[in-house]
Amino acid sequence: MIVCSCNVLSDRDVRSAIEAERPNSVSQVYGCLGCSARCGRCAQTIRRLVDETLANVRAASCDGCTRSCNLDRRPSHAADPNCHAGRAAPMPSVHCPQAAT
């Protein structure tokens with residue numbers, strides 16, 4: 001699906017750039033794709049794609065967690081290099097794919 005008509009960017013283009021470069025803003029996404037915003041109608045959609053894609057990437061990279069990373073904030077758990085709980089980034093509201101029940 002085309003999300004930016006001005007630059008002819010698809011949702012796949014945007015998601016690929018987000019996964020590869022991990023930009024945090026819409027303007028950074030455009031920079032990763034080698035273009036710039038023009039009319040701005042796509043900004044909300046790209047912001048949503050950034051949020052969704054980064055949350056999915058963080059959840060997928062949380063291999064060593066013993067519990068849901070957004071719930072377990074013990075120092076020993078946050079120090080785990082495989083867990084994103086110790087990072088400053090916002091926590092996704094999903095459970096780790098390999099979380100113990």
Distance-only check: which donor-acceptor pairs under 3.5 Å involve side-chain atoms of residues 26-33, not counting sequence neighbours?
{"residue": "Ser27", "atom": "OG", "partner": "Ser25", "partner atom": "OG", "Å": "3.2"}
{"residue": "Gln28", "atom": "OE1", "partner": "Asn24", "partner atom": "N", "Å": "2.6"}
{"residue": "Gln28", "atom": "OE1", "partner": "Ser25", "partner atom": "N", "Å": "3.3"}

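Applying the side-chain hydrogen bond (donor to acceptor under 3.5 Å, both in side chains) definition to pairs two or more places apart or across chains, those involving residues 3-12 are Ser10-Asp13.
Scored by the salt bridge (Lys or Arg N to Asp or Glu O under 4.0 Å) test, Glu19 finds no partners at all (sequence neighbours excluded). Checked against side chain to side chain contact (heavy atoms under 4.5 Å, CB included), Cys6 has the following partners two or more places apart in sequence or in another chain: Cys4, Arg38, Cys39. For Arg48, the salt bridge (Lys or Arg N to Asp or Glu O under 4.0 Å) partners two or more places apart in sequence, or in a different chain, are Glu52. Asp51 pairs by the salt bridge (Lys or Arg N to Asp or Glu O under 4.0 Å) definition with Arg47, not counting sequence neighbours.
We find the CZ-CG distance between Arg15 and Leu54 to be 10.5 Å, quoted to the nearest 0.5 Å. Between Leu9 atom CG and Cys35 atom SG the span is 4.5 Å, to the nearest 0.5 Å.
Cluster note: Ile2 groups with Val8 through ILVMFWY side-chain heavy atoms spaced under 4.5 Å, whether in direct contact or through intervening members.
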